[in-house]
There are 2 protein chains.
Amino acid sequence: MLQRKNTIAIVDDHPIVIEGLIRLLSKKPEYEIVGGFTRGEEFISFLKKAKAKIVLLDIMLPDINGMDLCKTIKTISPDTVVLAFSNYQERSAILQMLANGASGYLLKESSIEEIVICINEALNGQITFSKIVKEIIARPQLSESQDFAQLTVREKEILKLIADGKTTNDIAEMLFLSKFTVENHRKNLLQKLKAKNVADLIRHATLQNLI
Amino acid sequence: MLQRKNTIAIVDDHPIVIEGLIRLLSKKPEYEIVGGFTRGEEFISFLKKAKAKIVLLDIMLPDINGMDLCKTIKTISPDTVVLAFSNYQERSAILQMLANGASGYLLKESSIEEIVICINEALNGQITFSKIVKEIIARPQLSESQDFAQLTVREKEILKLIADGKTTNDIAEMLFLSKFTVENHRKNLLQKLKAKNVADLIRHATLQNLI
DNA sequence: CTACTTATAGCTGTTTTCAGCTATTTTTGA
DNA sequence: TCAAAAATAGCTGAAAACAGCTATAAGTAG
């Protein structure tokens with residue numbers, strides 16, 4: 001049996017990025033690029049027939065959300081290492097990718113060296129992040145929870161109840177308030193979190209870790 | 001002004017663990033142990049008056065859940081580095097702690113060297129994990145995402161739009177469907193995810209990583 | 001002390017959601 | 001190919017949400 005090469009696939013909607021990565025990685029004999037894909041579906045089809053030890057995965061794709069794609073990849077081929085390769089710097093996006101099975105998160109602005117280091121770390125079974133990503137994860141959500149409305153204690157209390165599926169009337173009864181009061185808190189929550197309706201509200205609150 | 005020492009606090013319900021950490025860390029002149037606490041509340045009170053550069057935080061505490069405590073710590077003192085120090089090996093627990101602002105996750109079974117290394121890395125602003133934790137994060141979760149209600153493609157599509165704050169009519173227009181159709185999908189979503197209303201729906205969907 | 005914020009309460013009218021049904025066509029799987 | 005599942009469309013009526021206002025008491029910070 002031949003020695004297993006580190007087969008690498010690349011999924012990115014910009015062909016030039018794929019090209020660059022191929023050129024970069026082809027120099028190293030221990031790597032073998034098995035494919036570059038601009039659409040998530042293409043890669044999924046590929047993965048059903050062939051194998052890839054590691055995949056560099058952009059989050060922003062034309063046909064499918066990268067978070068979902070990551071989960072799909074891990075379902076089809078649990079041994080494939082997913083390394084997120086993205087422009088997004090949101091803490092929540094990073095954590096989401098990890099939650100969905102990614103082994104690391106690289107920013108596209110990373111240096112060549114950094115990319116190579118991270119790929120190697122990922123291949124060794126480690127989770128790995130580019131420098132800036134580490135900082136983003138490490139720092140408490142300064143940028144986030146700062147400009148993000150800080151809610152009053154009462155508002156947070158009510159937000160949690162809303163998220164729990166309670167209606168305005170439910171909440172009013174539970175907290176011994178008039179339904180009008182609860183309605184107002186609700187309105188303030190929508191406004192503060194710039195949400196259009198409850199669905200939007202809960203999503204924002206969840207992303208901002210308020211629940 | 002004196003040089004800032006690396007002030008360390010320890011929160012753990014087992015005094016013997018606190019004792020061990022104190023003895024271990026006191027040997028290093030660059031560390032200063034400012035307190036050991038067996039209850040979350042005690043530490044919160046402390047943190048309101050004093051400072052700690054880093055806190056080793058057990059997740060299992062008698063009075064308060066470590067996940068919540070972590071968030072509270074980050075709220076009171078955003079600069080304090082929280083390093084989870086726990087027995088729990090669940091992937092979800094690890095990710096939850098990160099999401100709540102922890103800078104790393106150490107298993108209690110870690111070697112002395114590993115603990116010291118991780119503390120140093122955390123102090124340098126990096127996120128850090130003990131070896132086994134890295135493996136846990138890296139390996140895909142097979143059992144988790146299985147039993148979760150499998151939604152149809154259309155349902156997922158509509159779920160996302162709902163989470164995005166779109167109303168039934170919005171969605172109907174966007175997808176060229178009758179509003180009745182969208183209403184039905186909506187009902188099916190509520191039923192499948194056992195949600196009482198949209199708020200509940202989005203929360204469940206978020207927790208189950210469907211969005 | 002004053003101004004601001006928070007929490008409270010109220011009203012009106014419109015829009016949206018939700019529960020409860022039926023029913024047809026299309027797609028899929030066994 | 002036959003049955004099941006999914007997607008589509010429809011209706012009604014009640015409940016809830018939402019927008020847009022006003023207003024007062026209590027507490028807080030400058």
Side-chain angles (χ1 to χ4, degrees), chain A residues 41 44-45 48 63-64 68 72 75-76 145-206 210-211, chain B residues 48 75-76 146-206 210-211:
Chain A
E41 282 301 340
I44 292 298
S45 302
K48 284 178 179 164
D63 58 337
I64 185 176
D68 295 338
T72 309
T75 306
I76 297 176
S145 65
Q146 217 161 43
D147 54 46
F148 285 149
Q150 70 279 40
L151 307 178
T152 67
V153 182
R154 197 54 148 179
E155 282 165 350
K156 278 187 211 155
E157 187 178 14
I158 288 174
L159 175 57
K160 271 175 227 219
L161 292 171
I162 293 174
D164 213 45
K166 304 284 189 295
T167 69
T168 297
N169 283 327
D170 290 345
I171 298 171
E173 274 183 37
M174 291 173 70
L175 303 182
F176 308 104
L177 294 175
S178 148
K179 68 168 183 170
F180 298 111
T181 305
V182 179
E183 257 185 21
N184 277 321
H185 283 302
R186 204 186 186 100
K187 280 174 217 169
N188 291 335
L189 281 167
L190 288 180
Q191 207 171 23
K192 280 195 181 179
L193 294 186
K194 296 184 186 64
K196 234 186 98 186
N197 51 35
V198 228
D200 215 16
L201 176 72
I202 302 300
R203 187 165 124 284
H204 279 113
T206 306
L210 296 174
I211 295 181
Chain B
K48 282 178 180 165
T75 306
I76 297 176
Q146 230 161 24
D147 52 47
F148 289 146
Q150 70 281 34
L151 305 180
T152 67
V153 182
R154 198 54 149 178
E155 282 165 351
K156 278 187 211 155
E157 187 178 14
I158 288 174
L159 174 58
K160 270 171 230 226
L161 292 170
I162 293 173
D164 213 47
K166 304 284 188 296
T167 68
T168 296
N169 282 327
D170 290 345
I171 297 170
E173 273 183 38
M174 291 173 70
L175 302 183
F176 308 103
L177 294 175
S178 150
K179 68 168 183 169
F180 298 111
T181 305
V182 179
E183 256 185 21
N184 278 320
H185 284 301
R186 205 187 185 102
K187 279 174 221 169
N188 292 334
L189 281 167
L190 290 180
Q191 207 171 22
K192 279 195 182 178
L193 294 186
K194 296 184 186 66
K196 232 185 98 185
N197 51 34
V198 227
D200 215 18
L201 177 72
I202 303 302
R203 186 164 125 285
H204 280 114
T206 307
L210 297 173
I211 295 182

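Note: hydrogens, waters and symmetry copies are ignored here, and every other heavy atom, side chains too, is used. These numbers were taken from a predicted model, which means no experiment stands behind them. Note on naming: letters A, B, ... go to the chains in the order of the sequence lines (proteins, then strands), and numbering restarts at 1 for each one.
To the nearest angstrom, P of C:dT17 lies 12 Å from CG of A:Asp200. What separates CD of A:Glu183 from C1' of D:dC18 is a distance of 8 Å, to the nearest Å. Rounding to whole angstrom units, NZ of residue B:Lys192 and P of C:dC18 are separated by 17 Å. The distance from atom CD of A:Glu157 to atom C1' of C:dT6 is 14 Å, rounded to the nearest whole Å. Atom CG of B:Asn197 is separated from atom C1' of D:dA14 by 16 Å (rounded to the nearest Å). Between the CG atom of A:Asn188 and the P atom of D:dA17 there is a distance of 16 Å, rounded to whole Å. Atom CZ of A:Arg186 is separated from atom C1' of C:dT8 by 17 Å (rounded to the nearest Å). Atom NE2 of A:His185 and atom P of C:dT6 are 11 Å apart (whole Å).
No donor-acceptor pair under 3.5 Å is formed between the side chain of A:Asp170 and the backbone N or O of A:Lys166. Using modelled atom types, one side-chain atom of A:Asn184 and one backbone atom of A:Phe180 make a donor-acceptor pair closer than 3.5 Å.
Within 3.5 Å, a donor on the side chain of A:Asn184 pairs with an acceptor on the base of C:dA9, or the reverse.
Counting heavy-atom neighbours within 6.0 Å of B:Lys196 NZ, excluding the residue itself, gives a total above 12.
Across all non-hydrogen atoms, the minimal contact from B:Leu189 to B:Leu201 is O-CD1, 3.8 Å. Summarising the geometry of A:Val198 relative to B:Ala199, their closest heavy-atom pair is CG1-CB, 3.9 Å, with the distance given to 0.1 Å. Counting all heavy atoms, side chain and backbone alike, B:Ala205 lies closest to B:Leu193 at CB-CD1, 4.2 Å.
Counting any heavy atom pair closer than 4.0 Å across all strands shown, B:Lys187 reaches a base atom.
Within residues 166-176 of chain B, the residues having any heavy atom closer than 4.0 Å to DNA chain C are, in order of number, B:Thr167, B:Thr168, B:Asn169.
Between A:Ser178 and C:dG10, a side-chain N or O to OP1/OP2 separation shorter than 4.0 Å is present. A close approach under 4.0 Å does not occur between any side-chain nitrogen or oxygen of B:Thr152 and OP1 or OP2 of D:dA6. Side-chain nitrogen and oxygen atoms of A:Arg154 include at least one within less than 4.0 Å of the OP1 or OP2 phosphate oxygen of C:dT8.
Checking A:Glu183, A:His185, A:Lys179 one by one against A:Thr181, the side chain to side chain contact (heavy atoms under 4.5 Å, CB included) holds for a single residue, A:His185.
Closest to the A:Glu155 side chain, of the nucleotides C:dA7, D:dC18, D:dT8, is C:dA7.
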